[in-house]
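As structure tokens, the structure follows; a few thoughts come after it.
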Amino acid sequence: MRIERNLGMDLVRATEAAALRSGRWMGRGDKIGADQAAVDAMRYALDSVPMNGVVVIGEGEKDEAPMLYIGERVGSGDGPEVDIAVDPVEGTTLLAEGMPGAIAVIAVAERGALHNWQGIAYMNKLAVGERAKGVIDINAPVAYNIRAVARTLSKQIEDVTVVVLDRPRHTQLIREIRETGARIKLILHGDVSAGIMTAIDSPPADILMGIGGAPEAVITAAALKCLNGEVQCKIWPRNDEERARMTELQLSEKQIYTVKDLVRGENVYLAATGITPGEFLRGTEYFGGGARTHSVVMRSRSGTVRYIDATHRWDKLMRISNMPYGD
């Protein structure tokens with residue numbers, strides 16, 4: 001069945017619910033409690049969405065979380081058959097420690113469209129927005145890609161900003177970026193947001209480089225498909241066990257995965273809501289009796305990107321929902 005309904009407006013209610021419930025855990029130092037609050041709220045909201053969904057990227061496999069596991073069916077059961085990738089809290093540490101950049105995010109595409117990451121948890125990634133699409137090469141040296149993007153964006157190399165996860169594995173990468181003279185934005189967590197940031201209007205960063213989560217690469221690809229950006233990825237095994245797993249699955253470290261490989265569908269939706277304040281989305285703000293959220297909804301077929309500022313009032317919201325949003 002072709003997806004004709006704009007599911008994005010239904011999906012954003014699920015990311016809003018996750019943000020509203022988990023945002024109260026900001027800075028409390030409890031990653032598990034924050035994640036559980038988001039998972040419970042997101043799953044509850046997804047059950048009312050008119051779709052027959054299967055979670056292909058979820059909490060259960062990689063993070064051993066209790067719900068929204070891979071293979072779980074969500075939605076009302078009516079409507080289109082779809083794949084779902086969820087991250088109820090992208091950046092659980094950011095939320096638990098009260099740091100910027102945590103979001104709730106969902107991507108949806110036709111059944112069979114989203115890449116199965118097959119248990120190899122990490123990928124090397126290179127992502128840019130639409131203006132730099134077609135000039136990057138993940139097999140090329142770091143300096144080549146930075147120069148190519150600078151030239152395409154009509155920037156000096158010193159004006160190009162590269163976003164990189166702050167990890168020991170990126171010591172050499174950071175050194176090579178610095179040698180070019182480009183600016184670096186180091187982030188502690190949240191490479192989905194970082195990848196998307198390269199493709200939005202007035203982007204805070206021009207390039208995403210480095211090794212991050214493989215499931216997150218699929219969600220990033222869904223967003224960049226909507227935004228007409230580009231991502232190139234290669235599987236990055238951490239140890240001999242994962243290399244043996246790759247041999248068993250006939251996977252190659254040399255294979256390059258693009259947006260078309262990671263998200264094969266032609267009607268892709270992405271919804272995200274800010275939990276803690278960030279450069280991509282503002283955080284959830286609470287007031288007496290309610291809260292405000294800042295979200296984005298994207299659809300690849302139409303190319304539409306909607307930013308939604310919403311006000312939620314607990315007394316009215318809980319008349320139509322069993323979710324305990326407020327006292």
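Proximity of Leu68 to Met42: side-chain heavy atoms (C-beta onward) are separated by under 4.5 Å at one or more points. Looking only at side-chain heavy atoms (C-beta outward), Val149 and Arg131 stay at 4.5 Å or farther from each other. Side-chain atoms of Asn228 and Lys133, non-hydrogen and from C-beta on, do get closer than 4.5 Å to each other. With contacts defined as side-chain heavy-atom distances shorter than 4.5 Å, the pair Arg167/Ile211 does not qualify. Counting heavy atoms from C-beta on, the side chains of Val74 and Met51 come closer than 4.5 Å. When side chains are defined from C-beta on, Thr284 counts as touching Leu20, because their heavy atoms get closer than 4.5 Å.
Counting non-hydrogen atoms of other residues, nucleotides and ligands closer than 6.0 Å to CG of Asp309 gives a total above 12. When the shell of 6.0 Å around OH of Tyr144 is examined, it contains 12 or fewer heavy atoms from other residues, nucleotides or ligands.
The one candidate from Arg238, Glu253, Glu242 that meets the side-chain contact (heavy atoms from CB on, under 4.5 Å) condition with Ile120 is Glu242. Of the residues Ile187, Ile184, Leu186, the one that meets the side-chain contact (heavy atoms from CB on, under 4.5 Å) test with Val163 is Ile187. Tested against Ile106, the residues Leu270, Leu46, Asp87 include a single side-chain contact (heavy atoms from CB on, under 4.5 Å) partner, Leu46. Each of Ile84, Val268, Val86 was scored for a side-chain contact (heavy atoms from CB on, under 4.5 Å) with Val108, with one residue passing: Ile84.
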Self-check item: Steps toward side chain to side chain contact (heavy atoms under 4.5 Å, CB included) verdict (Arg313, Phe287)
Solution: CA-CA 9 Å; Arg313 298 190 179 277; Phe287 56 83; 3.9 Å; yes
Exercise. Go through the steps for Glu130 and Leu227 under the test side chain to side chain contact (heavy atoms under 4.5 Å, CB included), then give the verdict.
Key: CA-CA 7 Å; Glu130 182 175 13; Leu227 295 167; over 6 Å; no
Quiz prompt | Test log, rule side chain to side chain contact (heavy atoms under 4.5 Å, CB included), inputs Lys225 and Glu266 | solution = CA-CA 9 Å; Lys225 190 177 187 74; Glu266 294 305 317; 4.0 Å; yes
Self-check item: Residues Ile207, Ile146; criterion side chain to side chain contact (heavy atoms under 4.5 Å, CB included); working and verdict
Solution: CA-CA 8 Å; Ile207 316 172; Ile146 293 174; 4.1 Å; yes
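Follow the hydrophobic side-chain contacts under 4.5 Å out from Val164 and you reach Leu126 in the same cluster.
The aromatic rings of Trp236 and Tyr122 sit perpendicular to each other, their planes meeting at more than 60°, with 30° as the lower class boundary.
Between the CG atom in Leu95 and the CE atom in Met26 there is a gap of 8.0 Å [rounded to 0.5 Å].
For the pair Arg21 (side chain) and Ala18 (backbone), a donor-acceptor distance under 3.5 Å is absent.
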